[in-house]
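Order of the sequence lines sets the chain letters (A, B, ...), proteins ahead of strands, with each chain counted from 1. Since this is a predicted model, take the numbers as computed values, not measurements. Below, each value reflects all heavy atoms present in this structure, side chains not excepted, and no hydrogens, waters or symmetry copies.
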Number of protein chains: 2
Amino acid sequence: MNVRFIVGVMARVSQAHLDARRRQIIEAASRCFARNGFHATSMQDVLREAQLSAGAVYRYFPSKDALVAAIAERAFTAIRAAYEDAANATPPPMPDVLLGRVLGRVLVDTVPGADAQTFARLVVQVWTETLRNDLLGDTLREGYGAMRRVWADLVRAYREAGMLDSDVDPDDMARTLIAAAQGFIAQQALFGDVRVEGLQAGLRGLMAMRDPKAG
Amino acid sequence: MNVRFIVGVMARVSQAHLDARRRQIIEAASRCFARNGFHATSMQDVLREAQLSAGAVYRYFPSKDALVAAIAERAFTAIRAAYEDAANATPPPMPDVLLGRVLGRVLVDTVPGADAQTFARLVVQVWTETLRNDLLGDTLREGYGAMRRVWADLVRAYREAGMLDSDVDPDDMARTLIAAAQGFIAQQALFGDVRVEGLQAGLRGLMAMRDPKAG
DNA sequence: TTGTCAAGAATGAACGTTCGTTTTATCGTT
DNA sequence: AACGATAAAACGAACGTTCATTCTTGACAA
């Protein structure tokens, strides 16, 4: 018995070909899913978009669910990286700069092939899928929890640097900043006419507010 | 010939009964759709949840799409009313109070039968449906545009009252406030452990920030 | 008040279609 | 020639919807 039977025989096409096919499928499916959602998109739709047959696609992904999971994980990874990179900057940038970096990276850099709105739509579709897929839900909650902790540390750094005149709970403020980012992504998905600079201006406006009735 | 043949005979059951049935179907379907989304929920699921037969449901709604549309419109109406009521208060409340009123009303008052997370999940599902249903998409964009105008006026009122030390574009700031609300709804849907008071604290934290490098 | 009856309300099995997936045949590379 | 990669047809299952039928309601005659 040849050892190659254990480790597998050489593939008939190059690894680069296999990788390219896989990416071709994922990108075509992403476009379909962003457009119509995971469940209103049929495998036939994906096959047509990828210009591939059923047999070809099912060689790379064992099921539609696996394809959905792969695409969701891809989105998770991109978003989490963007959030963490932005938070790692020292000294901590002001919220408008911080969110600008996160959203600039998420909506522009992560998907070179697709436009920002397509990716934003995919993100919203992934949100809904996490509501019914416990595995995806756990992944999302885990990532969100980690992000909240990192950003809460950032809020503490604001206070220590004298940039924040308030004893606000760092976790509350982290959640609020993340909510602003999520809302921006939702608007990008739903309306498509948003600019990161607009959100940044709005945040600076909020930071410039004061209550005349307060001390 | 009796005149009743012209205006139609009396209904065999009371209008109250018909209204109750219709509400029963809508609420059962809302629970299903919030749980699994519009397309991963089968009519059989809805029938089971409503404890009704197919024929009964199809007497009240001509198709699944019509049921989806009715539920989406219902969510639109509730949300738009919450936003506009909050903005009509004079003098304009600070953003934390404003968003607290919107979200308190949207997530608590609008759906007495369902809990806040169920309604939030339904809202996110409606978002994704507007991406593929042009009719719903137009309704959403129309409502969002109206909301932006109302809230931009509110930002102008802030400035005139001396509560906002910035020449920020009112529309940018309106979008940002709405984004915060949308992000909160997303978090309520996805994680379910959010409190409106937390968002309000976070907004007050943002308003208490200042850049030591700036003038 | 009670009994009768037409019509509306509700049922659930069955329909045609489309789904995700599998199987079979062909192509292309080594 | 051999075998993996792809195409294309075909599969059972599940979908939304329909329809022949049964149940229920309420007006009206007695």
Contact letters for nucleotides 20-27 of chain C, in which S counts primed atoms plus P, OP1 and OP2 and B counts the base, heavy atoms under 4.0 Å: SBB-----
Whole-Å distance separating the CG atom of B:L18 from the P atom of D:dT25: 13 Å
Distance in angstrom units between A:R59 CZ and D:dA8 C1', rounded: 14 Å
Interatomic distance, B:W127 atom CH2 to B:Q182 atom CD [nearest 0.5 angstrom]: 5.0 Å
Nearest atoms (heavy-atom pairs only) where B:S63 meets B:Y58: CA-CE2, 3.9 Å
Atom-to-atom span, OH of A:Y60 to P of D:dG4 - whole angstrom: 14 Å
Single hit among B:I71, B:V123, B:L136 for side chain to side chain contact (heavy atoms under 4.5 Å, CB included) with B:F76: B:L136
Backbone N/O of B:S42 and side chain of B:K64: donor-acceptor pair under 3.5 Å: no
Atom pair CD1/CD1 of B:I79 and B:I185 - distance to nearest 0.5 Å: 5.0 Å
Distance, rounded to the nearest Å, where B:F61 contributes CZ and D:dT17 contributes P: 13 Å
Check: residues 189-206 of chain A side-chain donor-acceptor pairs under 3.5 Å, at least two apart:
from   : atom 1 : to     : atom 2 : distance (Å)
A:D193 : OD1    : B:R175 : NH1    : 3.3
A:Q200 : NE2    : A:D96  : O      : 2.8
A:R204 : NH1    : A:D96  : OD2    : 2.9

DNA chain D-proximal residues of residues 125-133 of chain A, any heavy atom under 4.0 Å: none
Rounded distance in Å - CG (B:L52) to P (D:dG16): 16 Å
A:S53 side-chain N/O to D:dA7 phosphate OP1/OP2 under 4.0 Å: yes
